[in-house]
*Asks:* 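If you scroll down you'll find the structure; I have some questions about it.
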Amino acid sequence: MTASTHWIATATAQGVLERGGNAFDAAVAAAFVLHVVEPHLNGPGGDLVAIFQTADAAAPTVLMGQGPAPAGATIEHYRGEGLELTPGAGGLAAAVPGAVDAWLLLLRDHGTWELSDVLAYAIGYARDGHPLVAGAAATIARVADLFREDWTTSADLWTPDGEIPAPGRIVRNPAYAAVLDSLVHATCTVRDDGPVGRAARIDAARREWKTGIVAHEAAAFLAQPHRHSGGGLHAAVITADDFAAFEAGYEPAVSREFRGRTIAKAGAWTQGPALLQTLGMLEPLDDGLLDPSQEAGAHTILEAQKLAYADRDAWFGDDDVDLDVLLSADYLDERRSLITAAASGEYRPGTLPGRTPFRPPLRTGYDAPAVGTGEPTVSKTGETKGDTCHLDVIDRWGNVVSATPSGGWLQSSPTIPALGFCLGTRLQMTWLEPGHPSSLVPGRRPRTTLTPTLVLRDGAPEFAIGSPGGDQQDQWQLLALLRMIVGGFAPQQAIDAPALHTTSMPESFWPRTWTPAGAVVENRLGDAVIEGLERRGHRVTRAGQWALGRVSAAGRDPGTGVLWAAANPRGMQGYAAGR
């Protein structure tokens with residue numbers, strides 16, 4: 001079974017599974033296709049977080065594909081450039097790309113196919129073309145003036161005849177196809193036909209990616225000053241040495257029990273543990289307070305999330321984060337006690353022994369010209385513009401993968417003409433205030449929003465689930481988890497049900513503003529619930545009928561062994577398939 005945010009990626013993964021590939025072969029093939037068919041939502045210059053469990057493993061593993069800040073990315077340099085925030089668009093916001101190396105590592109260690117076979121799908125769609133999705137066309141339209149006036153190499157790729165492409169137009173990216181071909185060609189130096197040779201071939205492709213044309217062209221091109229968010233002209237600091245130094249890797253998952261399930265997430269260099277905190281606050285409450293379709297439940301969920309995300313912003317990052325305390329029963333009891341019948345508009349992080357929580361700049365607006373779109377996720381009005389991809393795969397042997405690739409959006413920074421893609425902007429999640437786990441520090445990973453989930457029952461994987469959505473990723477997953485685990489919903493029913501989320505937190509993306517007591521809801525939640533939330537003090541924005549949430553999932557019924565998959569219908573782009 002496969003579920004993803006684009007039907008072509010789902011079809012690709014299913015094609016691999018039908019031909020005998022396992023979940024890892026299928027996930028990697030689909031991921032490289034996502035770089036091609038959802039270029040406004042992810043790219044090879046971006047990053048990824050995945051969580052997986054092999055059929056013979058006792059516990060899940062995190063695939064770490066988040067590159068760090070380059071060696072030259074210091075607070076002093078950025079401040080010297082006249083910046084008070086890390087830009088949301090432009091080369092100064094680029095972390096070292098991590099997605100490609102991570103996918104290749106996963107394929108080497110857990111897949112069975114040769115790289116040439118896995119990449120054939122993406123090479124074909126890049127070279128021969130694919131229909132441009134409506135979201136990509138709309139994104140190009142939003143940044144067309146920037147492309148024409150400043151990022152002319154992006155205009156050359158995305159508006160080749162000077163016109164904004166219409167949805168459905170067949171688009172091609174021969175430069176990126178050539179990059180993928182170069183990875184395949186790098187494997188040809190290894191002749192051994194056995195598993196040792198296969199691993200060596202994939203490692204040869206990894207070396208090519210990190211030390212070949214990609215690293216040198218990207219570093220040289222972005223060293224030229226170009227327009228950034230905020231309007232200034234700056235040169236990037238990333239170098240070929242930064243590419244060469246990065247190694248994707250594996251980490252243990254962080255988990256917590258909730259109502260008979262084990263919820264597994266990546267560590268506090270992501271926002272994942274905030275979901276575990278939220279579940280810990282909600283677990284002992286009456287079922288009615290865990291029902292997002294009821295006023296009391298929607299209010300309680302929003303308030304618990306505000307507390308968890310305040311802790312995220314105060315304590316999380318690529319540093320020594322005390323999750324033992326943050327996830328402890330006593331600490332969560334104390335946090336839960338702060339939830340009242342009225343909406344809070346305060347920033348309320350918890351206190352850890354002997355430490356002072358970081359208080360980020362709390363801005364409700366930012367007076368600077370917007371260049372590019374930062375992270376193109378859900379707007380203040382609730383409009384979903386797209387932002388990230390997600391895919392879930394489970395195979396006949398019981399291997400399961402949940403992966404959230406993102407970054408390197410076509411609107412992130414100028415297209416590198418020799419490569420056919422741009423670098424990402426994940427460093428916008430770092431602060432230029434020193435001394436915090438999420439401060440900008442060379443070699444440190446930015447605290448990412450990418451947060452896939454694996455749910456286990458009695459120690460065995462039950463389902464993989466995830467969503468695009470920036471700060472909303474775990475908020476939308478939480479609704480599906482509560483409806484499935486507590487409410488007894490079928491997976492597709494849980495994904496289809498009305499969604500909501502809080503905006504009462506500093507956004508992870510430039511310009512990092514917040515809306516105190518803000519809540520965004522789908523109109524289908526109903527007037528009675530929405531008006532009740534407003535009476536409690538929530539500043540509610542109605543987003544439309546089917547506007548929030550892009551959750552997908554795939555799993556196995558523990559009672560029958562039957563596989564299932566479910567995908568988001570909003571936007572008519574995600575797809576679930578299997579047999």
Side-chain angles (χ1 to χ4, degrees), residues 34-46 86-94 97 126 129-179 214 217-236 238 368-377 379 383 385-389 406-428 509-511:
L34 284 171
H35 291 164
V36 178
V37 300
E38 289 192 324
H40 60 309
L41 307 181
N42 81 143
T86 306
L92 277 178
H130 60 93
L132 190 70
V133 295
T139 298
I140 293 167
R142 281 196 296 273
V143 292
D145 289 343
L146 170 66
F147 284 6
R148 282 192 292 263
E149 295 168 11
D150 288 286
W151 296 1
T152 56
T153 55
S154 298
D156 292 341
L157 177 60
W158 299 110
T159 58
D161 53 7
E163 300 294 328
I164 296 168
R169 174 176 170 173
I170 300 299
V171 295
R172 298 173 177 82
N173 192 340
Y176 182 48
V179 169
V214 170
E217 287 287 345
F221 181 76
L222 290 173
Q224 303 302 312
H226 53 279
R227 194 73 61 191
H228 282 58
S229 54
L233 290 172
H234 309 281
I238 195 167
V371 175
T373 56
E375 207 276 357
T377 185
S379 73
E383 177 191 1
K385 299 177 181 177
D387 56 282
T388 292
C389 305
S406 187
W409 315 298
L410 65 86
Q411 65 276 22
S412 293
S413 56
T415 296
I416 302 154
L419 306 181
F421 61 85
C422 59
L423 298 194
T425 56
R426 191 62 61 183
L427 290 187
Q428 67 185 291
F509 300 92
W510 188 91

*Asks:* Is the backbone of Ala93 close enough, under 3.5 Å, to the side chain of Gln428 for a donor and an acceptor to pair up by distance?
*Replies:* no

*Asks:* How far apart are the closest heavy atoms of Pro97 and Pro44, and which atoms are they?
*Replies:*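 In terms of heavy atoms, the two residues are closest at CB-O, 4.0 Å.
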
*Asks:* What pairs with Ala144 under side-chain contact (heavy atoms from CB on, under 4.5 Å), at least two apart in sequence or on another chain?
*Replies:* Arg148, Ile164

*Asks:* Show, in sequence, the C-alpha distance, side-chain angles and deciding distance for Gln411 and Leu146, and conclude whether the side-chain contact (heavy atoms from CB on, under 4.5 Å) test is met.
*Replies:* CA-CA 9 Å; Gln411 65 276 22; Leu146 170 66; over 6 Å; no

*Asks:* Please step through side-chain contact (heavy atoms from CB on, under 4.5 Å) for the pair Trp151 and Val143, ending with a clear verdict.
*Replies:* CA-CA 10 Å; Trp151 296 1; Val143 292; over 6 Å; no

*Asks:* Can any side-chain N or O of Ser406 pair as donor or acceptor with the backbone N or O of Thr388 at less than 3.5 Å?
*Replies:* no

*Asks:* With sequence neighbours excluded, tell me which residues meet side-chain contact (heavy atoms from CB on, under 4.5 Å) with Ala137.
*Replies:*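 Per chain and number, Ala137 pairs via side-chain contact (heavy atoms from CB on, under 4.5 Å) with Leu132, Pro167.
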
*Asks:* Taking Leu92's backbone N and O only, do any of them form a donor-acceptor pair with His234's side chain (distance below 3.5 Å, no angle check)?
*Replies:*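 No, His234 side chain to Leu92 backbone: no donor-acceptor pair under 3.5 Å.
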
*Asks:* On a heavy-atom basis, which atom in Asn42 and which in His35 lie closest, and how many Å separate them?
*Replies:*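 Looking at all heavy atoms of both residues, the shortest contact is OD1-CD2, 3.2 Å.
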
*Asks:* In Å and rounded to the nearest 0.5 Å, what is the CZ to CG distance from Phe421 to Asn173?
*Replies:*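 Nearest 0.5 Å value for the CZ-CG distance: 9.5 Å.
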
*Asks:* Between atom NE2 of His226 and atom NE2 of His228, what is the distance when rounded to the nearest 0.5 Å?
*Replies:*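 Result: 4.0 Å between the selected atoms.
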
*Asks:* Going by side-chain contact (heavy atoms from CB on, under 4.5 Å), name the residues that satisfy it together with Ala155, two or more places apart in sequence or in a different chain.
*Replies:*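 Per chain and number, Ala155 pairs via side-chain contact (heavy atoms from CB on, under 4.5 Å) with Phe147, Thr159.
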
*Asks:* If every non-hydrogen atom of Thr415 is compared with every non-hydrogen atom of Leu157, which pair is closest and at what distance?
*Replies:*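 Minimum heavy-atom separation between Thr415 and Leu157: CG2-CD2, 3.9 Å.
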
*Asks:* If you compare all heavy atoms of Gly230 against all heavy atoms of Trp510, which two are closest, and at what distance to 0.1 Å?
*Replies:* N-CZ2, 3.7 Å

*Asks:* Of all the heavy-atom pairs spanning Cys389 and Leu34, show the shortest one and how long it is.
*Replies:* CB-CD1, 3.9 Å

*Asks:* Taking all atoms of both residues into account, what is the closest heavy-atom pair of Ala175 and Ala418, and its distance?
*Replies:*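 In terms of heavy atoms, the two residues are closest at CB-O, 4.1 Å.
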
*Asks:* List for me each residue that meets side chain to side chain donor-acceptor pair (under 3.5 Å) alongside Asp156, sequence neighbours excluded, and say none if there are none.
*Replies:* none

*Asks:* Who pairs with His130 by side chain to side chain donor-acceptor pair (under 3.5 Å), at least two apart in sequence or on another chain?
*Replies:*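 Result, side chain to side chain donor-acceptor pair (under 3.5 Å) vs His130: none returned.
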
*Asks:* Take Leu410 and Ile140, measure what side-chain contact (heavy atoms from CB on, under 4.5 Å) needs, and give me the verdict at the end.
*Replies:* CA-CA 8 Å; Leu410 65 86; Ile140 293 167; 4.0 Å; yes

*Asks:* Would a 4.5 Å heavy-atom cut-off, applied to side chains only, mark Pro87 and Thr425 as touching?
*Replies:*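 The answer is no, as the side chains (C-beta and beyond) never meet within the 4.5 Å cut-off.
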
*Asks:* Among all residues two or more places apart in sequence or in another chain, which pass the side-chain contact (heavy atoms from CB on, under 4.5 Å) test with Cys422?
*Replies:* Ser412, Ser413

*Asks:* To the closest 0.5 Å, what do you measure between OH (Tyr176) and CD1 (Ile416)?
*Replies:* 12.0 Å

